[in-house]
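Values in this document were obtained by computation on a predicted structure and should not be read as measured data.
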Amino acid sequence: MMEFREKPEGAECMVEFGEKIKQLREEKGMTQQRMAEKLYVTRQAVSRWECGARYPDLLTAKKISQILDVSIDELLSGEELKQNVEKEPILARPVENVMQTVLYAFAAASFLLMSIFGIASFFPSEALAKTPAGQITFLGVFTVCGYILKLAAVAVGLKRSMQNKLTAKITGYIMCLPYVWASLFFLATFVDMQIRKNGHVSLGGFIGNLGIPLLFAACILLFFVKKEQSLPYGVILFICLVSGGYIALIIKRTFEYFTELGFAVRCVHLLGEIGLVILLGYQAYVWNTKRKMAYQDISC
């Protein structure tokens with residue numbers, strides 16, 4: 001059964017939309033029940049659309065236009081169609097939304113475990129407390145703060161996904177966070193190296209660890225937050241492929257250099273990151289399809 005959302009701001013537009021549906025339906029001699037059967041929704045859903053209490057998602061609106069033998073822009077003006085696609089959940093269909101929620105829950109569980117592991121490391125046993133492994137460091141605190149921040153962001157996405165209210169704008173902010181944090185962590189590492197005077201970072205290191213993550217974050221924001229089509233989906237797909245390759249490289253190194261406990265902890269973290277990369281690619285694909293559909297109809 002289709003999911004429907006409460007009336008948003010600008011509800012007057014949706015009342016006009018509902019009146020158009022009612023008029024066109026009656027002109028075709030179609031009852032609310034018959035129309036509901038064609039759309040695989042309840043009669044109450046059709047009634048709510050017509051009175052302006054709720055409105056269908058974009059894909060359902062397209063089906064309505066086909067049933068009523070009119071174009072989508074005859075039901076919605078260009079501006080209304082833009083507002084519809086911008087405000088509706090990025091994955092509105094039930095199956096899509098369930099998959100999205102599962103992936104967010106998976107990532108949230110990963111970052112929750114990492115946050116717990118990180119905080120627990122601040123309270124080492126007496127034997128470890130007197131060794132370098134038991135010392136609390138600036139980078140250690142910074143790393144744990146990163147886990148907690150990612151957990152908070154993913155928790156917001158999980159909650160919104162469960163409520164079917166996760167819009168493209170919120171998705172953009174959540175998905176760019178790991179890349180922004182990667183740049184901040186590099187800066188923190190660089191500052192720590194300068195204080196300790198125990199390392200050097202080349203220009204390539206700055207570009208790869210600071211510039212590229214910030215560029216990726218900017219691309220993600222432009223793709224999801226900017227209303228007009230600004231970046232092709234291929235850019236986001238490229239970001240996902242690069243991110244996935246980088247994670248695969250880290251996993252390979254984890255096999256080679258980490259102890260069994262370190263390997264397990266690192267894998268928990270990387271699984272959460274993999275979940276976010278999959279989410280980014282999938283959400284970007286769906287959002288790109290919806291936006292193309294909306295703006296092509298407007299330009300027709």
Check [X] against [Y] and note the closest heavy-atom contact, atom names and distance.
{"X": "P178", "Y": "M175", "result": "CD-O, 3.4 Å"}
{"X": "V225", "Y": "K169", "result": "CG2-O, 4.0 Å"}
{"X": "F186", "Y": "V201", "result": "CZ-CG1, 3.6 Å"}
{"X": "L231", "Y": "C219", "result": "CD1-O, 3.2 Å"}

Could you list the donor-acceptor pairs under 3.5 angstrom formed by side chains in residues 152-161, with sequence neighbours left out?
| from | atom 1 | to | atom 2 | distance (Å) |
| --- | --- | --- | --- | --- |
| S161 | OG | Q100 | NE2 | 2.9 |
| S161 | OG | T101 | N | 3.4 |
| S161 | OG | T101 | OG1 | 2.6 |

request  = Determine, stepwise, if the pair T137 / V141 fulfils side-chain contact (heavy atoms from CB on, under 4.5 Å).
outcome  = CA-CA 6 Å; T137 64; V141 173; over 6 Å; no

Is the shortest heavy-atom distance from the side chain of [X] to the side chain of [Y] under 4.5 Å?
{"X": "M30", "Y": "I67", "value": "yes"}
{"X": "I64", "Y": "M35", "value": "yes"}
{"X": "F111", "Y": "E273", "value": "yes"}
{"X": "T289", "Y": "Y233", "value": "no"}
{"X": "D192", "Y": "F142", "value": "no"}

Is [Y] reachable from [X] through a run of hydrophobic residues whose side-chain heavy atoms are each under 4.5 Å from the next?
{"X": "F238", "Y": "I236", "answer": "yes"}
{"X": "L177", "Y": "I170", "answer": "no"}
{"X": "Y285", "Y": "L241", "answer": "yes"}
{"X": "V277", "Y": "I174", "answer": "yes"}

Can you tell me how far the [atom1] atom of [X] sits from the [atom2] atom of [Y], to the nearest 0.5 Å?
{"X": "L68", "Y": "K22", "atom1": "CG", "atom2": "NZ", "answer": "14.0 Å"}
{"X": "L280", "Y": "L103", "atom1": "CG", "atom2": "CG", "answer": "12.0 Å"}
{"X": "T143", "Y": "I148", "atom1": "OG1", "atom2": "CD1", "answer": "11.0 Å"}
{"X": "T189", "Y": "Q194", "atom1": "OG1", "atom2": "CD", "answer": "11.5 Å"}
{"X": "L166", "Y": "N97", "atom1": "CG", "atom2": "CG", "answer": "8.5 Å"}
{"X": "S110", "Y": "L271", "atom1": "OG", "atom2": "CG", "answer": "6.0 Å"}

Heavy-atom count check: over 12 atoms from other residues, nucleotides or ligands less than 6.0 Å from [X] [atom1]?
{"X": "F138", "atom1": "CZ", "result": "yes"}
{"X": "M99", "atom1": "CE", "result": "no"}
{"X": "Y282", "atom1": "OH", "result": "yes"}

request  = Would you check if the distance from the ring center of W181 to the ring center of Y147 is below 6.0 Å?
outcome  =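 No, the ring of W181 stays outside the 6.0 Å limit from the ring of Y147, centre to centre.
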
message = What I want to check is whether the side chains of Y179 and S243 have a donor and an acceptor closer together than 3.5 Å.
response = yes

key: Flag for E19-Q23: side-chain donor and acceptor within less than 3.5 Å   =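 Absent: no donor and acceptor within the cut-off.
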
ask   = Are H269 and F117 close enough, and set up right, to give a ring pair (Phe, Tyr, Trp, His ring centres under 6.0 Å), and what steps lead you there?
value = CA-CA 11 Å; H269 175 217; F117 291 153; over 10 Å; no

message = Quick check against the 3.5 Å criterion: does W287 have a side-chain atom that pairs as donor or acceptor with the backbone of F223?
response = yes

If you look only at distance, which donor and acceptor atoms sit under 3.5 Å apart when one is on a side chain in residues 205-217 and the other is two or more places apart or in another chain?
| from | atom 1 | to | atom 2 | distance (Å) |
| --- | --- | --- | --- | --- |
| N209 | ND2 | G205 | O | 2.9 |

inquiry  = What verdict does the side-chain contact (heavy atoms from CB on, under 4.5 Å) test give for Y173 and V180, after you've listed the backbone C-alpha separation in whole Å, the side-chain angles of each residue and the deciding distance to 0.1 Å?
reply    = CA-CA 10 Å; Y173 292 138; V180 173; over 6 Å; no

ask   = When R43 is tested against each of Q32, E37, Q33 for side-chain hydrogen bond (donor to acceptor under 3.5 Å, both in side chains), which residue passes?
value = Q32

